[in-house]
Amino acid sequence: MNAPPPSPPRGLFVSLRRLLATVVELAQVRLELLLTELEQEKLRLFDALLVAAVALVAFGIGLVLLALFVVMLFPEPQRPFVLGALVVLTLGAAVWGLTSARARLRSPGGLLEATRAELARD
């Protein structure tokens with residue numbers, strides 16, 4: 001006669017082991033989500049900084065050339081005043097640009113938004 005197959009073990013320790021395995025798996029999934037979000041944030045910041053650097057270089061070159069052109073349009077005695085006005089305008093534009101860049105780099109939903117939402121849902 002064949003013996004019936006052994007039944008799976010039952011008891012408190014088996015249940016605790018399964019519960020611990022579930023908790024470890026849940027923690028691993030949340031950690032992977034956290035690491036993925038950190039990687040995305042790093043790439044987003046690098047992309048924003050690279051674009052900002054290229055734009056600032058191009059903007060600077062363009063402003064220098066424009067300032068030279070405008071200064072050359074005026075007669076000799078008025079050139080220092082025109083140059084001073086262009087400096088004030090350029091510095092104002094630089095301040096506006098930097099505040100705009102700072103606002104764009106702020107994360108819309110905050111850092112690790114999806115991770116916090118998942119933890120709140122759990």
Side-chain angles (χ1 to χ4, degrees):
M1 288 193 162
N2 289 341
S7 64
R10 296 181 185 170
L12 181 63
F13 289 116
V14 173
S15 296
L16 286 175
R17 186 177 300 148
R18 271 189 274 152
L19 178 63
L20 182 63
T22 303
V23 168
V24 168
E25 183 180 351
L26 183 65
Q28 181 181 7
V29 168
R30 296 303 179 250
L31 182 61
E32 288 174 4
L33 177 63
L34 174 72
L35 293 175
T36 301
E37 281 193 348
L38 286 175
E39 184 69 24
Q40 286 176 342
E41 283 295 313
K42 182 179 79 169
L43 291 174
R44 186 182 70 83
L45 287 174
F46 178 75
D47 183 48
L49 289 175
L50 181 65
V51 169
V54 170
L56 285 174
V57 168
F59 187 67
I61 292 171
L63 280 179
V64 168
L65 293 175
L66 178 65
L68 287 174
F69 176 73
V70 169
V71 168
M72 295 305 289
L73 289 176
F74 286 88
E76 185 66 35
Q78 295 176 350
R79 286 184 183 168
F81 300 112
V82 171
L83 189 57
L86 288 175
V87 166
V88 169
L89 286 173
T90 303
L91 290 177
V95 168
W96 174 80
L98 289 174
T99 55
S100 174
R102 178 193 275 175
R104 288 177 187 228
L105 285 176
R106 289 193 184 119
S107 187
L111 185 62
L112 308 174
E113 179 183 7
T115 299
R116 283 188 282 144
E118 280 297 318
L119 289 174
R121 203 173 70 182
D122 290 342

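What you see below is based on every heavy atom in this structure, not just the backbone, and it leaves out hydrogens, waters and symmetry mates. These numbers were taken from a predicted model, which means no experiment stands behind them.
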Exercise for the section: Give a yes or no on whether Glu25 atom CD has more than 12 heavy-atom contacts from other residues, nucleotides or ligands under 6.0 Å away. Expected result: no
Completion exercise
When rounded to the nearest 0.5 Å, the distance separating CD of Glu41 from OG1 of Thr36 is 12.0 Å
Handout entry: Leu50 CG to Leu45 CG distance, which is reported to the nearest 0.5 Å
Key = 12.5 Å
Exercise for the section: Find the distance between CG (Leu38) and CG (Leu33) and round it off to the nearest 0.5 Å. Expected result: 9.5 Å
Problem - Val54 and Val57, any side-chain heavy atoms less than 4.5 Å apart - result: no
Problem - Minimum side-chain heavy-atom gap Leu26-Arg30 below 4.5 Å - result: yes
Exercise for the section: Please write out which residues are connected to Leu91 in a hydrophobic cluster, directly or through intermediates, given that two of Ile, Leu, Val, Met, Phe, Trp, Tyr count as joined at side-chain heavy-atom separations below 4.5 angstrom. Expected result: Val87
Under 3.5 Å, which donor-acceptor pairs do the side chains of residues 77-84 form with other protein atoms, sequence neighbours left out?
{"from": "Arg79", "atom 1": "NE", "to": "Val71", "atom 2": "O", "distance (Å)": "3.3"}
{"from": "Arg79", "atom 1": "NE", "to": "Phe74", "atom 2": "O", "distance (Å)": "2.9"}
{"from": "Arg79", "atom 1": "NH1", "to": "Glu76", "atom 2": "OE1", "distance (Å)": "3.1"}
{"from": "Arg79", "atom 1": "NH2", "to": "Phe74", "atom 2": "O", "distance (Å)": "3.4"}

Problem - Straight-line distance of Thr22 OG1 to Arg17 CZ, nearest 0.5 Å - result: 13.0 Å
Handout entry: Check: Leu86 main-chain N/O paired with Thr90 side-chain donor or acceptor under 3.5 Å
Key = yes
